[in-house]
Colleague: 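One structure follows; several queries about it will come next.
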Amino acid sequence: MIRVRFAPSPTGKLHLGGLRTALYDYAYAKNQVGKFILRIEDTDQTRFVEGATENLINSLKAMGLNFDEGPTFQSQRLEIYKKYALQLIEQGDAYYCFCTKEDLDVARQRQKELKLPTKYPETCRNLPKEEVEKKLQEGIPYVIRLAMPKDRDFVISDKVRGKVKIDSSLLDDQVILKSDGFPTYHLAAVVDDHLMEISHVIRGEEWLYSTPKHIFLYECLGWKPPIWVHLPLILNENKSKLSKRDGDFSVGNYLERGYLPEAIINFVALLGWNPKSEKEIFDLQYLCENFSFKAVNKAGAVFDEKKLEWMNGQYIRKKPLDELAKMLEKYFVDAGIDISDKEKYLKVIDVAKDYLVRLPEVVQYSQMFYKDLEFATEDFELLNAEDSQKIFKYYFDNLEEGADYEQFVKEASAKLEIKGKAYFFPLRLALFGNSSGPNIPILIDVLGIDETKKRLKNVLN
RNA sequence: GUCCCGUUCGUCUAGUGGUUAGGACUCCAGAUUCUCAUUCUGGCAACAGGGGUUCGACUCCCCUACGGGAUGCCA
């Protein structure tokens, strides 16, 4: 049974990198008819952010990534981790450490100065049993550290990177249980992944180097390790890991700015994976059906919003008109525009959709259909020109409800003997408030005969 | 500093020893006989560098460079 988990820590909103991991988790689970599980890794009390868990869950739901199990909260499983930490001590695979933060800072500082690898000096690794007992008795704060083996190569067999060899002598005696009784990631993740029967650990590349510690833990506890899958990172423009500093990359932020969930999914899926074909526009179902780790890239991918914008436009234009219209309603309501005339509203959206990159822009592209036009002083030169006035007059006198507007526009041009820009610009300016924009017949159709004439009258001298 | 991972157009990528190195975004030009947008067509643009291996390397090996990650009682 394939079981994968998405295990974020509630230290902030779900961002694009996290979404991509969740997406691949989900796609793989569905592809293999397995389970997609959510686990909240809230083991750092100091970094906990209020509302982060809710944001994580809501964002996943908004993207259509529904989990089959969970969320499980690690903070509610403290006893379990402690039990295994003590078992490891019992077995001699872990030990109590009484070093203070200051001790460690000093040691690290000195190592840096000597240009040595910064590592825990193992001060407490071989403390006599009696001394340990005494300190515990005295209530001196402690952590539990893993006693990493020496001179041994760990080989990670990774689904996207192949075999990676790491010499254990470089590895630190990692803290697995903190002095506040909470486990660190290393212990908690291993214990939970085993207990939750996770078959594939899919996570960011930043975890690759600590994987030997996890492999060692599996060995000590006599458990079968999962299959490792380390995903490449998503990078910002400066090619470093996406972080808060470079702006708001949260899923919620993109949704608010008017990107469609299906566009975000499609785009993020392509950051590190591709269907081995030239198909680029696809939905979540297609991703699930075609996903495999073989097609996952090794190199990090720079996030380019320009392409997301293009893709969003593609999805906007693909949406059925009534659905799109419904989605856009709120923007008009917010702008105080009355869209109660549904027939007109649909026509407006049909015109505006070709201009949209992001949803909220709809107002700026269609408010001219609703609001009274305001002309700039330089507009009046064109509006008042002799030919312009002739056109307006002709339209005002001859345009009739239900006429073939396209036909009418052509005929008028012929009769007035005015064509090209000299003909269309003043008309568009009068009807739309701008010399560039949609075609005149469409403008007349959307505005309706009454409003069209009203606008013509308004510019007629 | 040390270790790990990576490196094809500006960006996302296809490519698994023999290709005119393909596609997409961006940009530019043209068409849709008014503009803008859409759409369509075309164009610019890449194998980090150096050594091997081979009849033949973008593809395999080594070195260098560059980029990233890790090096926390953070995940």
Side-chain angles (χ1 to χ4, degrees), chain A residues 7-12 41-44 46-47 97 99-101 104-105 108 111-120 141-145 156 158 160-161 164-167 169-172 174-186 188-189 203-212 230 232-233 235 237-241 267 270-281 295 297-311 313-314 317 351-357 365 409 413 419-425 427-429 432 434-440:
Chain A
S9 62
T11 53
E41 311 227 316
D42 51 349
T43 55
D44 186 351
T46 65
R47 292 205 308 157
C97 167
C99 295
T100 65
K101 222 171 162 100
L104 300 175
D105 285 344
R108 246 195 299 275
Q111 287 165 337
K112 271 190 180 161
E113 279 164 16
L114 294 170
K115 295 197 187 295
L116 283 154
T118 47
K119 253 187 93 174
Y120 173 61
Y142 66 86
V143 300
I144 295 177
R145 286 181 184 273
I156 305 159
D158 187 276
V160 344
R161 273 148 226 286
V164 177
K165 202 169 74 178
I166 292 168
D167 179 352
S169 67
L170 273 350
L171 268 16
D172 220 349
Q174 194 64 239
V175 170
I176 54 173
L177 200 79
K178 302 181 247 186
S179 56
D180 62 2
F182 278 67
T184 60
Y185 172 87
H186 308 282
R203 64 200 349 179
E205 194 192 353
E206 70 266 29
W207 291 109
L208 184 61
Y209 194 66
S210 27
T211 303
H230 288 94
L233 268 15
L235 279 18
E237 279 183 328
N238 324 316
K239 303 208 173 213
S240 55
K241 209 163 79 162
F267 178 74
L270 249 9
L271 253 30
W273 178 87
N274 72 82
K276 297 289 173 195
S277 70
E278 284 177 3
K279 191 176 174 71
E280 281 206 301
I281 300 289
N297 286 101
K298 292 183 175 71
V302 175
F303 168 79
D304 175 23
E305 187 154 342
K306 271 276 187 301
K307 189 152 182 176
L308 209 210
E309 287 181 347
W310 166 79
M311 200 170 267
Q314 295 295 306
R317 260 149 249 138
V351 170
K353 71 174 201 296
D354 282 351
Y355 291 83
L356 296 183
V357 171
Y365 289 120
V409 168
S413 173
K419 56 184 177 181
K421 290 179 185 175
Y423 176 65
F424 289 104
F425 276 25
L427 267 175
R428 190 150 31 232
L429 187 55
F432 195 64
N434 198 307
S435 57
S436 65
N439 295 336
I440 303 301

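Below, chains carry the letters A, B, ... as their sequence lines are ordered, and counting in each starts from 1.
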Colleague: Kindly say if A:Asn297 contacts the phosphate of B:A14, meaning a side-chain N or O under 4.0 Å from OP1 or OP2.
Modeller: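 Yes, such a contact exists.
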Colleague: Which part of the nucleic acid does A:Thr46 contact within heavy-atom distance under 4.0 Å: base, sugar-phosphate only, or nothing?
Modeller: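 If one applies the 4.0 Å heavy-atom cut-off, A:Thr46 turns out to touch nothing in the nucleic acid.
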Colleague: Quick one: label A:Tyr423 by what it contacts on the DNA or RNA (base, sugar-phosphate, nothing), any heavy atom closer than 4.0 Å.
Modeller: nothing
Colleague: What is the distance from CE of A:Met311 to P of B:C12, rounded to the nearest Å?
Modeller: 14 Å
Colleague: Taking B:U8 as the reference, what is the distance to B:A57 when you measure between their C1' atoms (whole Å, please)?
Modeller: 14 Å
Colleague: Please work out if A:Lys419 contacts a base, only the sugar-phosphate, or nothing of the nucleic acid, heavy-atom cut-off 4.0 Å.
Modeller: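 The answer is nothing, as A:Lys419 stays clear of every strand by at least 4.0 Å.
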Colleague: Can you check whether A:Thr118 has a side-chain N or O nearer than 4.0 Å to OP1 or OP2 of B:U2?
Modeller: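 Answer no for this pair, as no side-chain N or O of A:Thr118 is under 4.0 Å from OP1 or OP2.
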Colleague: Using a 4.0 Å heavy-atom cut-off across all strands, classify A:Ser436 as base, sugar-phosphate, or nothing.
Modeller: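 Contact class for A:Ser436: base.
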Colleague: Would you indicate what A:Leu235 reaches in the nucleic acid, counting non-hydrogen atoms under 4.0 angstrom: base, sugar-phosphate, or nothing?
Modeller: nothing
Colleague: Identify whether any heavy atom of A:Lys115 sits under 4.0 Å from a base atom; if not, whether one sits that close to sugar-phosphate; answer base, sugar-phosphate or nothing.
Modeller: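 Here A:Lys115 touches the backbone only, sparing every base.
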Colleague: For a quick check of understanding: with a heavy-atom distance under 4.0 Å over all strands, which category does A:Gln314 fall into, base, sugar-phosphate or nothing?
Modeller: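 The residue A:Gln314 makes sugar-phosphate contact but no base contact.
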Colleague: So if I apply the side chain to side chain donor-acceptor pair (under 3.5 Å) rule between A:His230 and each of A:Arg161, A:Lys298, A:Arg203, which one comes out positive?
Modeller: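 Among A:Arg161, A:Lys298, A:Arg203, the one that satisfies the side chain to side chain donor-acceptor pair (under 3.5 Å) with A:His230 is A:Arg203.
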Colleague: Does A:Glu205 pair with A:Lys241 as a salt bridge, N-O distance under 4.0 Å?
Modeller: no
Colleague: Within less than 4.0 Å of OP1 or OP2 of B:C12, is there a side-chain N or O belonging to A:Lys306?
Modeller: no
Colleague: Considering only NZ, NE, NH1 and NH2 on the basic side and carboxylate oxygens on the acidic side, decide whether A:Asp304 and A:Lys307 come within less than 4.0 Å.
Modeller: no
Colleague: Could you tell me whether the phosphate oxygens of B:C36, OP1 or OP2, come under 4.0 Å of any side-chain nitrogen or oxygen in A:Arg428?
Modeller: no
Colleague: Can you tell me if A:Asn274 touches the phosphate of B:U13, counting only side-chain N or O atoms and a distance under 4.0 Å to OP1 or OP2?
Modeller: no
Colleague: B:C74 P sits how many Å from A:Trp207 CH2, rounded?
Modeller: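 Spelled out: CH2 on A:Trp207 to P on B:C74 is 11 Å.
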Colleague: Using a heavy-atom cut-off of under 4.0 Å over every strand shown, decide if A:Arg161 touches base, sugar-phosphate, or nothing.
Modeller: sugar-phosphate
Colleague: Using atom P of each nucleotide, how far apart are B:U2 and B:C28 to the nearest Å?
Modeller: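 The answer is 47 Å between these two P atoms.
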Colleague: Please measure how far the C1' atom in B:C12 lies from the corresponding atom in B:G52, and state the result in whole Å.
Modeller: 33 Å
Colleague: Can you tell me if A:Gln111 uses its side chain to pair, donor with acceptor, with the backbone of A:Lys119 under 3.5 Å?
Modeller: yes
Colleague: Counting only side-chain nitrogens and oxygens, does A:Lys239 get under 4.0 Å of the OP1 or OP2 atom of B:G6?
Modeller: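 For B:G6, neither OP1 nor OP2 has a side-chain N or O of A:Lys239 closer than 4.0 Å.
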Colleague: Could you check whether A:Asp167 gets within reach of a base, just the sugar-phosphate, or nothing at all, counting any heavy atom under 4.0 Å?
Modeller: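 The answer is nothing, as A:Asp167 stays clear of every strand by at least 4.0 Å.
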Colleague: For the pair A:Lys178 (side chain) and A:Thr43 (backbone), establish whether a donor and an acceptor sit closer than 3.5 Å, ignoring hydrogens and angles.
Modeller: yes
